[in-house]
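Heads up: numbering here begins at 1 and tracks the sequence.
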Amino acid sequence: MSLTITPLSAALGAQISGVDISQPLDSEQRDTLEQALLQHQVLFFRDQPIDPQQQARFAANFGELHIHPIYPNVPEQPEVLILDTAQTDVRDNAIWHTDVTFLPTPALGAVLSAKLLPAFGGDTLWASGIAAYEALSEPMKQLLQGLTATHEFIKSFPLERFGNTPEDLARWEEAKRKNPPRSHPVIRTHPVSGRKSLFVNEGFTTRINELSDSESEVILKLLFAHATRPEFTLRWRWQTNDVAFWDNRVTQHYAVDDYRPQRRVMHRATILGDVPFFR
Ligand SMILES: O=C(O)CCC(=O)C(=O)O
Ligand SMILES: [Fe+2]
């Protein structure tokens with residue numbers, strides 16, 4: 001079986017075939033996938049029925065795994081979180097976001113497995129921050145590269161949606177206390193490829209620190225719209241047992257909320273990242 005990589009769009013995305021990710025990878029497969037991720041930013045695999053243990057093992061090829069502060073997880077494999085519309089309000093994913101940028105070290109990437117899908121809808125889109133950065137004018141790049149922005153947990157996880165029971169409220173309050181606002185560079189240099197990427201997202205970014213309130217508001221609005229232009233995105237139509245693996249350092253994504261009340265169940269393993277920097 002030889003591993004093949006088929007690019008899916010100009011900005012990002014490739015489909016991978018010829019590898020069974022339920023099995024341990026050899027070092028050549030691992031390195032090929034890592035290189036493909038660096039180049040294509042999001043990889044898709046079809047027909048990969050993986051259990052939570054296999055999913056965690058696959059993800060752990062690329063770094064240590066993160067346990068999410070809010071989402072429920074698979075009890076015997078807590079590194080795998082469950083996005084089940086019958087269990088959790090997942091509407092906060094229907095906004096363009098990069099995962100967990102409220103952490104000092106936002107995720108390197110994530111591996112998402114489609115378990116149960118609605119008859120229609122429930123696609124996910126990804127956008128390339130590299131393509132977005134590269135399309136900015138030189139003066140705009142110059143302005144942004146010296147700036148930092150604040151990212152806040154509560155922007156996507158507001159109390160109204162997560163404080164329904166005393167237990168939920170306690171969990172939310174603890175998560176909020178442990179995740180105060182964080183600053184990250186507005187332009188991020190990829191720690192491995194060295195490519196530059198726009199690193200603000202509508203899900204969590206609240207403020208460009210060095211600008212005035214009104215400047216920050218207008219520039220962020222512009223950047224959120226720019227980052228998600230169709231030219232920089234790809235839309236994935238899921239089939240059961242598809243797996244997506246994205247580089248969370250240079251992408252954003254959006255889970256389309258167009259299928260309720262049908263049920264949709266996804267499993268995600270999240271890989272810990274490093275401190276974002278600009279160089
Ligand atoms: O459900 C999806 O398709 C993606 C949800 C999401 O934002 C995530 O898993 O990080
Ligand atoms: Fe997400």
Side-chain angles (χ1 to χ4, degrees), residues 11-12 41 69-70 89-107 124-163 172-173 175-191 195-233 247-257 273-279:
L12 82 173
Q41 304 157 59
I70 286 282
D89 185 343
V90 295
R91 280 175 297 163
D92 45 82
N93 290 326
I95 185 171
W96 280 103
H97 67 281
T98 299
D99 288 338
V100 295
T101 61
F102 53 82
L103 295 177
T105 54
T124 308
L125 291 87
W126 278 264
S128 168
I130 296 172
Y133 171 77
E134 289 175 353
L136 293 168
S137 67
E138 271 316 311
M140 188 54 109
K141 286 181 185 163
Q142 291 298 324
L143 169 70
L144 296 178
Q145 68 187 22
L147 304 179
T148 61
T150 300
H151 296 244
E152 299 192 52
F153 168 81
I154 52 170
K155 192 176 181 196
S156 272
F157 298 96
L159 175 59
E160 307 86 84
R161 287 237 286 282
F162 292 90
W172 180 85
E173 276 176 343
K176 184 177 168 228
R177 186 173 49 76
K178 284 192 180 154
N179 296 291
R182 302 280 176 185
S183 288
H184 296 302
V186 169
I187 306 300
R188 178 177 189 177
T189 304
H190 194 292
R195 294 169 86 185
K196 293 189 180 70
S197 172
L198 184 58
F199 195 65
V200 291
N201 71 88
E202 195 168 5
F204 297 113
T205 311
T206 52
R207 180 88 168 73
I208 297 184
N209 300 321
E210 296 80 6
L211 302 182
S212 72
D213 284 350
S214 58
E215 290 167 345
S216 167
E217 198 182 314
V218 171
I219 299 281
L220 277 181
K221 197 170 166 195
L222 173 89
L223 294 178
F224 295 155
H226 174 76
T228 57
R229 278 176 51 187
E231 289 77 6
F232 312 144
T233 74
D247 188 334
N248 193 61
R249 296 167 289 197
V250 290
T251 60
Q252 316 190 18
H253 53 278
Y254 184 117
V256 183
D257 176 26
D274 54 356
V275 177
F277 61 86
F278 173 77
R279 187 174 53 214

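- Crowding of Glu217 atom CD: a count of heavy atoms from other residues, nucleotides or ligands under 6.0 Å not exceeding 12.
- Side-chain N or O atoms of His190 include none that pairs as donor or acceptor with a backbone N or O of Val250 at under 3.5 Å.
- Distance CD1/Ile95 to OG1/Thr228: 10.5 Å, rounded to 0.5 Å.
- The backbone N or O of His253 lies less than 3.5 Å from a partner atom in the side chain of His97, making a donor-acceptor pair.
- Under a 3.5 Å cut-off, the side chain of Thr98 and the backbone N or O of Asn201 do not form any donor-acceptor pair.
- A distance-only check finds no donor-acceptor pair linking the side chain of Thr251 to the backbone of Trp126 [under 3.5 Å].
- Two residues are said to be in side-chain contact when any heavy atoms from C-beta on lie closer than 4.5 Å; Ile154 and Trp172 meet this criterion.
- The structure places CH2 of Trp96 at 7.0 Å from CD of Gln252, a figure rounded to the nearest 0.5 Å.
- Here the closest non-hydrogen pair linking Ala132 and Ala227 is CB-CA, 3.9 Å.
- With Arg207 contributing its side chain and Leu211 its backbone, the two residues share a donor-acceptor pair below 3.5 Å.
- With contacts defined as side-chain heavy-atom distances shorter than 4.5 Å, the pair Thr148/Val186 does not qualify.
- A cation-pi contact links Lys141 to Tyr133, judged by a cut-off of 6.0 Å to the six-membered ring centre and 45° from its axis.
- Heavy-atom minimum distance, Leu12 versus Thr233: CD2-C, 3.8 Å.
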- Taking it one step at a time, do Thr150 and Asn209 satisfy side-chain contact (heavy atoms from CB on, under 4.5 Å)? CA-CA 7 Å; Thr150 300; Asn209 300 321; 2.5 Å; yes

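- Summarising the geometry, atom OG1 belonging to Thr105 is positioned 8.5 Å from atom CZ belonging to Arg182; distances are rounded to the nearest 0.5 Å.
- In terms of heavy-atom proximity, Arg249 sits nearest to Pro191 at NH1-CG, 3.8 Å.
- Between Gly203 and Ser156 the shortest heavy-atom distance is O-OG, 2.8 Å.
- Across Ala94 and Asp257, no two heavy atoms sit closer than the pair CB-CB, 3.6 Å.
- Considering CD of Glu210 and CG of Leu144, their distance stands at 10.5 Å, rounded to 0.5 Å.
- A donor-acceptor pair under 3.5 Å is formed between the side chain of Asn248 and the backbone N or O of Asp99.
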- Task: Under the side-chain contact (heavy atoms from CB on, under 4.5 Å) rule, what do Val256 and Thr124 come out as? Steps first, then yes or no, please.
- Result: CA-CA 6 Å; Val256 183; Thr124 308; over 6 Å; no

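- Here the shortest heavy-atom pairing between Gln41 and Ala11 reads NE2-O, 3.4 Å.
- Phe232 CZ to His226 NE2: the interatomic distance, rounded to the nearest 0.5 Å, is 4.5 Å.
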- Query: Going through the distances and angles, do Asp274 and Arg188 end up as a salt bridge (charged side-chain N to carboxylate O under 4.0 Å, His left out)?
  - Reply: CA-CA 12 Å; Asp274 54 356; Arg188 178 177 189 177; 3.0 Å; yes

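- For the pair Ser197 (side chain) and Phe199 (backbone), a donor-acceptor distance under 3.5 Å is absent.
- To the nearest 0.5 Å, atom CD1 of residue Ile208 and atom CG of residue Leu223 are 5.5 Å apart.
- Side-chain atoms of His184 come within 3.5 Å of backbone N or O of Leu103 as a donor-acceptor pair.
- Side-chain atoms of Lys155 come within 3.5 Å of backbone N or O of Thr205 as a donor-acceptor pair.
- Between Phe204 and Phe157, the ring-plane angle classifies as parallel under the 30° and 60° cut-offs.
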